[in-house]
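Starting from 1, each residue takes its place in the sequence as its number. Since we're looking at a predicted model, the values are computed, not measured. The figures that follow rest on heavy atoms only: side chains count, while hydrogens, waters and symmetry mates do not.
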Amino acid sequence: MARIEAVNEQTLIVYFGDRIDDAIAADVNHAIFQVRESLGDLVTDIIPSYNSMLIGFDLNRTDRFDIIKRIRLALESNTDAVTNNNDNQVVEIPVYYGEEVALDMSDVCDKTGLDSESVIKRHSEKEYRVYAIGFSPGFAYLGSLDDAIVMPRKSTPRLKVPTGSVGLADNQTAIYPSSTPGGWQIIGRTPLNMVDWDSESLAKVNVGNRVRFCPIDKDEFLKQGGVL
């Protein structure tokens with residue numbers, strides 16, 4: 001059963017588990033639609049994460065006790081027919097893994113005992129779930145990595161990670177949608193713009209989507225607008 005806790009007077013957090021898990025993430029994604037379908041505009045905001053969702057509500061129209069009751073009823077309702085259009089939608093992301101952009105590939109190879117071709121193969125053959133959007137607009141946390149390429153964050157973060165950089169950290173992978181400081185291990189770069197200002201999440205991908213990385217060569221990277 002989901003656990004509901006108050007964050008402040010008009011915000012609640014609903015927990016569905018205590019770990020990163022594909023099944024729990026699917027429950028969170030489905031719950032978003034259950035709550036929106038049942039509570040309508042009483043809810044002002046829903047922010048999903050790995051195993052929880054933050055819910056803001058209109059304090060002028062309801063109170064904490066009433067909204068908790070409504071949320072529980074929504075989560076218990078039979079809304080299996082309501083599907084999340086984001087759930088399991090596959091988004092393909094082209095990635096150039098060349099040495100000019102794979103800033104930490106040599107370190108990844110040293111620590112994993114794999115050559116770069118094996119790292120690329122393991123990274124690009126998996127399909128990843130978008131668990132959360134955060135850190136910066138459009139930054140999507142994707143999981144889970146092949147165990148062979150699980151990597152710790154860098155001990156000293158870079159002051160400036162190039163836009164489009166694809167990185168590894170712990171059991172996750174992600175794309176830097178803009179140039180920001182960061183400590184992920186960089187193994188490639190995409191030419192795609194990962195920020196969508198017309199999207200509610202500001203991201204080209206949304207929570208619940210699946211992401212597949214498609215290796216491309218240098219010429220194709222530059223052709224698609226990539227910058228070295």
### Task
Taking the side chain as every heavy atom from C-beta outward, state whether Cys109 and Ser106 have any pair of such atoms under 4.5 Å apart.
no
### Query
Nearest 0.5 Å, what's the NZ-CG distance between Lys69 and Asp63?
11.0 Å
### Task
Please answer: with hydrophobic residues joined when any side-chain heavy atoms are less than 4.5 Å apart, are Phe139 and Val205 in the same cluster?
no
## Note on the structure
Closest non-hydrogen contact found for Ser136 with Pro177 is OG-CG, 3.9 Å
### Message
Which residue in the set Thr173, Leu142, Val90 passes side chain to side chain contact (heavy atoms under 4.5 Å, CB included) when paired with Val211?
### Response
Leu142
### Query
Do the ring planes of Tyr50 and Tyr141 sit parallel (below 30°), tilted (30 to 60°) or perpendicular (above 60°)?
perpendicular
### Message
Any non-hydrogen side-chain atom of Arg210 less than 4.5 Å from a side-chain atom of Arg129?
### Response
yes
#### Entry: Spacing of Met151 atom CE and Asp107 atom CG [to the nearest 0.5 Å]
7.0 Å
### Query
Do Asp217 and Lys223 meet the salt-bridge criterion of a basic N to acidic O distance under 4.0 Å?
no
### Query
Counting only N and O atoms by type, is there a donor-acceptor contact under 3.5 Å from the side chain of Asn209 to the main-chain atoms of Asn206?
yes
### Query
In terms of hydrophobic clustering (I, L, V, M, F, W, Y; side-chain heavy atoms under 4.5 Å; direct or indirect links), are Val35 and Ile32 co-clustered?
yes
### Query
Where do Val166 and Ile186 land on the side chain to side chain contact (heavy atoms under 4.5 Å, CB included) test, with the steps shown first?
CA-CA 6 Å; Val166 177; Ile186 305 304; over 6 Å; no
### Query
For the side chain of Arg122 and the backbone of Asp147, is there at least one donor-acceptor N/O pair under 3.5 Å apart?
no
### Query
Is Asp146 reaching over with its side chain to a backbone N or O of Ala148, donor-acceptor style, under 3.5 angstrom?
yes
#### Entry: Interatomic distance, Ile24 atom CD1 to Asn29 atom CG [nearest 0.5 angstrom]
13.5 Å
### Query
Once you round to the nearest 0.5 Å, how far does CD of Gln34 lie from CG of Leu73?
11.5 Å
### Task
Report yes if the side chains of Lys204 and Asn193 come closer than 4.5 Å at any heavy-atom pair, otherwise no.
no
### Summary
In terms of heavy-atom contacts, Leu168 and Ile149 come closest through CD1-O, 3.7 Å
#### Entry: Atom of Pro191, atom of Pro94 and distance for their closest heavy-atom approach
CD-O, 3.5 Å
### Task
Could you tell me whether a side-chain N or O of Thr11 sits under 3.5 Å from a main-chain N or O of Val7, the two making a donor and an acceptor?
no
### Message
With a 4.5 Å cut-off on side-chain heavy atoms, are Gln185 and Arg153 touching?
### Response
no
#### Entry: Presence of salt bridge, Asp104 and Arg158, under 4.0 angstrom
yes
### Query
Heavy-atom count around Lys121 NZ within 6.0 Å, excluding the residue itself: above 12?
no
### Message
Could you check whether atom CD of Glu5 has more than 12 heavy atoms from other residues, nucleotides or ligands sitting under 6.0 Å from it?
### Response
yes
### Query
Would you say the side-chain atoms of Ser118 pair up with the backbone N or O of Leu114, donor to acceptor, closer than 3.5 Å?
no
### Message
When you measure from the side chain of Thr44 to the backbone of Asp58, do you find a donor-acceptor pair of N or O atoms at a distance under 3.5 Å?
### Response
no
### Task
Could you pull out the closest heavy-atom pair between Val195 and Pro137, with the gap in Å?
CG2-O, 3.5 Å
### Query
Which class fits the ring pair Tyr128 and His123: parallel under 30°, tilted 30 to 60°, perpendicular over 60°?
tilted
### Query
Do Ile216 and Val95 have side-chain heavy atoms sitting under 4.5 Å apart?
no
## Note on the structure
Residues passing the side-chain contact (heavy atoms from CB on, under 4.5 Å) test with Arg64, sequence neighbours excluded, are Ala6, Leu12, Phe57, Ile68
### Message
Test of understanding: clusters of I, L, V, M, F, W, Y form through side-chain heavy atoms closer than 4.5 Å, transitively. Do Ile71 and Ile47 belong to the same one?
### Response
no
#### Entry: Side-chain donor/acceptor of Ser179 to backbone N/O of Val161, under 3.5 Å
yes
### Message
Is the shortest side-chain heavy-atom distance between Leu75 and Val14 below 4.5 Å?
### Response
yes
#### Entry: From Ser124 atom OG to Arg212 atom CZ, the distance as rounded to the nearest 0.5 Å
10.5 Å
#### Entry: Short side-chain to backbone donor-acceptor contact, Lys126 and Ser144, under 3.5 Å
yes
### Query
So, Glu9 side chain and Leu59 main chain: donor-acceptor pair closer than 3.5 Å or not?
no
#### Entry: Trp184 and Phe135 aromatic centres sub-6.0 Å
no
### Query
Checking side chain to side chain contact (heavy atoms under 4.5 Å, CB included) for the pair Leu228/Val101: CA distance, chi angles, key distance, verdict?
CA-CA 7 Å; Leu228 297 175; Val101 297; 3.7 Å; yes
### Task
Might you point out which heavy atoms bring Arg72 and Ala2 nearest each other, and give the distance in Å?
NH1-O, 3.2 Å
### Task
Report the C-alpha separation of Glu100 and Lys218 in whole Å, then their side-chain angles, then the decisive distance to 0.1 Å, and conclude whether the salt bridge (Lys or Arg N to Asp or Glu O under 4.0 Å) test is met.
CA-CA 10 Å; Glu100 307 99 317; Lys218 182 177 180 179; 3.1 Å; yes
### Message
Just so I know, are the side chains of Ile20 and Tyr131 near enough to count as touching, which here means a heavy-atom distance under 4.5 Å?
### Response
yes
### Task
Specify the closest pair of heavy atoms between Tyr176 and Pro181, including all atoms of both residues, with the distance to one decimal.
CE2-O, 3.9 Å
### Message
So, using salt bridge (charged side-chain N to carboxylate O under 4.0 Å, His left out) as the criterion, who are the partners of Asp27 when residues are at least two apart?
### Response
none
### Query
Just wondering, do Ser77 and Ser38 contact through their side chains at under 4.5 Å, heavy atoms?
yes
### Query
Is there a donor-acceptor pair closer than 3.5 Å between any side-chain N or O of Ser49 and the backbone N or O of Asn51?
no
### Task
Indicate if Val91 and Ile175 have the same hydrophobic cluster label, given that clusters are the connected sets of ILVMFWY residues with side-chain heavy-atom separations under 4.5 angstrom.
yes
### Query
Quick one: CD on Glu99 to CE on Met105, what's the gap to the nearest 0.5 Å?
10.5 Å
### Task
Indicate if Val119 and Phe221 have the same hydrophobic cluster label, given that clusters are the connected sets of ILVMFWY residues with side-chain heavy-atom separations under 4.5 angstrom.
no
#### Entry: Gln224 versus Tyr96, side-chain donor and acceptor atoms under 3.5 Å
no
### Query
Under the criterion side chain to side chain contact (heavy atoms under 4.5 Å, CB included), which of Arg3, His30, Met53 is the partner of Phe16?
Met53
